[in-house]
Protein chains: 2
Amino acid sequence: MARTKGSVGATTQKAILDAAKTLIVKHGFEAMTLRQLAAEVGVQPASIYRYIESKDTLLAALMTEHMDTLIHAWEALEDKGETPDEQLEAFVAFHIRYHVERREDVFIANMELRSLGEAARADVVAKRRAYELNLWRILEEGVKTGDFPETDLEVATYAILAMLTGVCFWYRPEGRLTVEQIIEIHQGLVMRGVVSGDFQAV
Amino acid sequence: MARTKGSVGATTQKAILDAAKTLIVKHGFEAMTLRQLAAEVGVQPASIYRYIESKDTLLAALMTEHMDTLIHAWEALEDKGETPDEQLEAFVAFHIRYHVERREDVFIANMELRSLGEAARADVVAKRRAYELNLWRILEEGVKTGDFPETDLEVATYAILAMLTGVCFWYRPEGRLTVEQIIEIHQGLVMRGVVSGDFQAV
DNA sequence: TTATTAATCAAACGTACGTTCGTTTAATTA
DNA sequence: TAATTAAACGAACGTACGTTTGATTAATAA
């Protein structure tokens, strides 16, 4: 056999990327083999090379695309809030909403930096930093206006991001809570912590 | 060559486990090869089998030992606090202090559940659940006594753990902040969140 | 309809994998 | 010192790896 009936390049391309994500999550990038990937797509190993330059560039493509899409999605968000409080709530909602829908990408982005080449890693790290800055600046602004108490901006940024991204590791669509409920709970935790309830806030 | 001068079983055993941790963090468990591991230890691949039954049991041993040690360390902690506030602060301090010192184990425990066999995975998951319950119960108690406002206990537990464990991913011993400073900041974030400062708390 | 391009295949390349085997040397015990 | 045990070795097993090559068929353009 050679070219199969009904085969379309764009379709195969997407199938390869989708299957690659699933396999990387399941086995890790280094451990995923192109033979597994080919089998998942329903194609011979050699055919993969019509769509990727090498195994390494496949990972780089997945990760940079994820970061680009994430950054662009935040930029495109209509209502980012006015006051620091509103901005922080908007960020929390956006981050959770976006990430739970892309749990495979998030898992890969968090785990496989180690497997990127030097250039690709630098690129992804820079993009991650750029995204983190969005939250950092909201916190900075809030502290400046006096809406938020003094705090270490770097640690607070990392802490909030870790907490929000952590949802990806336990969230299940069929679970007890909807995404919107989860967002509300996290907004409460971020804004007021565990101890300070509404009754204590202004 | 055969037995080498000065070779001691216990020493080699420890060297194997230490090198395995480093390699698993760097490459992922599936991608780590026993030939790499042997080279790191300075031994032939075949010699590894004097200390492990198989590659799979090596991972299981690393992960269950990590969970056992963690659970036991919390149990052995002297001052777990009296009031819910104090207990929560004690947990935050313990968790960060313990985890930043064992970043490799934490990374492996978080990443390589997927590579465990069914029995070992069930065991590790149960132990993780048991550890999480320590925090869960502190929160539950605090809500019951009225020290903490009503909240979703499950989500709050996961959120706090994600935030605290997240420190492992950026903490560096030579970094700007000491572990104790990082603990204080996180105690503030957990107890009062970003918005509610001391000036608003009781 | 014919020529061209797109999409796939089968086969093979050298290399490395986890693991087993029997042997050899060092340290310990009798 | 002699016998035993501990700790390593080198070589090999069948299998699978990422990738390259050239041929083959399907869809499209002329």
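What's counted below: heavy atoms across the whole structure, side chains too, no hydrogens, waters or symmetry copies. This one's a predicted model, so the numbers in the text were calculated from it and none came from an experiment.
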*Asks:* For DNA chain D, determine which residues of residues 13-28 of chain B have any heavy atom closer than 4.0 angstrom to one of its atoms, and list them numerically.
*Replies:* none
*Asks:* Please name all residues satisfying side chain to side chain donor-acceptor pair (under 3.5 Å) with A/Tyr98, sequence neighbours left out, ordered by chain then number.
*Replies:*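 Counting only residues at least two positions away or on another chain, A/Tyr98 forms a side chain to side chain donor-acceptor pair (under 3.5 Å) with A/Arg102.
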*Asks:* May I ask you to list the residues of residues 44-59 of chain B, by number, that have any heavy atom positioned under 4.0 Å from an atom of DNA chain D?
*Replies:* B/Gln44, B/Ala46, B/Ser47, B/Arg50, B/Tyr51
*Asks:* Filter on side chain to side chain donor-acceptor pair (under 3.5 Å), then keep only pairs touching residues 25-47 of chain A, sequence neighbours left out; what's left?
*Replies:*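 Residue pairs passing side chain to side chain donor-acceptor pair (under 3.5 Å), neighbours aside: A/His27-B/Glu30, A/Glu30-B/His27.
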*Asks:* Which pairs, with at least one residue in residues 79-92 of chain A and sequence neighbours excluded, count as a side chain to side chain donor-acceptor pair (under 3.5 Å)?
*Replies:*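 Applying side chain to side chain donor-acceptor pair (under 3.5 Å) to every pair that reaches into residues 79-92 of chain A, excluding sequence neighbours, yields nothing.
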*Asks:* List for me each residue that meets side chain to side chain contact (heavy atoms under 4.5 Å, CB included) alongside A/Ala90, sequence neighbours excluded, and say none if there are none.
*Replies:*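 Partners of A/Ala90 under the side chain to side chain contact (heavy atoms under 4.5 Å, CB included) test: none.
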*Asks:* For B/Leu133, which residues count as a side chain to side chain contact (heavy atoms under 4.5 Å, CB included) partner, sequence neighbours excluded?
*Replies:*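 If we apply the side chain to side chain contact (heavy atoms under 4.5 Å, CB included) test to B/Leu133, skipping adjacent residues, the hits are B/Arg129, B/Trp136, B/Arg137.
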*Asks:* Which whole-number value in Å describes the distance from B/Phe29 CZ to C/dG18 C1'?
*Replies:*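 Nearest whole value for this atom pair: 11 Å.
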*Asks:* Angle between the two end axes of the helix from C/dT1-D/dA30 to C/dA30-D/dT1, five base pairs per end, rounded to 10 degrees?
*Replies:* 10°
*Asks:* How far does CG of A/Leu62 sit from CG of A/Asp105, to the nearest 0.5 angstrom?
*Replies:* 7.5 Å
*Asks:* Would you jot down, in residue-number order, the residues of residues 30-43 of chain B having a non-hydrogen atom under 4.0 Å from DNA chain C?
*Replies:* B/Met32, B/Thr33, B/Leu34, B/Arg35
*Asks:* Please state whether the phosphate of D/dA7, meaning OP1 or OP2, lies under 4.0 angstrom from any side-chain nitrogen or oxygen of B/Thr12.
*Replies:*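 False: B/Thr12 side-chain N/O out of range (4.0 Å or more) of D/dA7 OP1/OP2.
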*Asks:* Cation-pi check for A/Tyr51 against A/Lys14: NZ or CZ below 6.0 Å from the six-membered ring centre and within 45 degrees of the axis, yes or no?
*Replies:* no
*Asks:* What residues, two or more places apart in sequence or in another chain, satisfy side chain to side chain contact (heavy atoms under 4.5 Å, CB included) together with B/Glu141?
*Replies:*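 By the side chain to side chain contact (heavy atoms under 4.5 Å, CB included) rule, B/Glu141 matches B/Pro84, B/Thr145.
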*Asks:* Test of understanding: with ring-ring contact (aromatic ring centres under 6.0 Å, His included), list the residues that count as partners of B/His186, not counting sequence neighbours.
*Replies:* none
*Asks:* Show your reasoning for whether side chain to side chain contact (heavy atoms under 4.5 Å, CB included) applies to A/Leu88 and A/Leu135.
*Replies:* CA-CA 7 Å; A/Leu88 184 50; A/Leu135 172 57; 3.7 Å; yes
*Asks:* Got a sec, which pairs hit side chain to side chain donor-acceptor pair (under 3.5 Å) with one end in residues 60-69 of chain A, sequence neighbours left out?
*Replies:* A/Asp68-A/Lys127
*Asks:* Atom CD1 of B/Ile182 and atom CZ of B/Arg176: how far apart are they, to the nearest 0.5 Å?
*Replies:*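 With rounding to 0.5 Å, CD1 (B/Ile182) is 8.5 Å from CZ (B/Arg176).
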*Asks:* Hey, could you give me the CZ/CG distance between A/Phe169 and B/Asn110, rounded to the nearest 0.5 Å?
*Replies:*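 Reported to 0.5 Å precision, the distance equals 7.5 Å.
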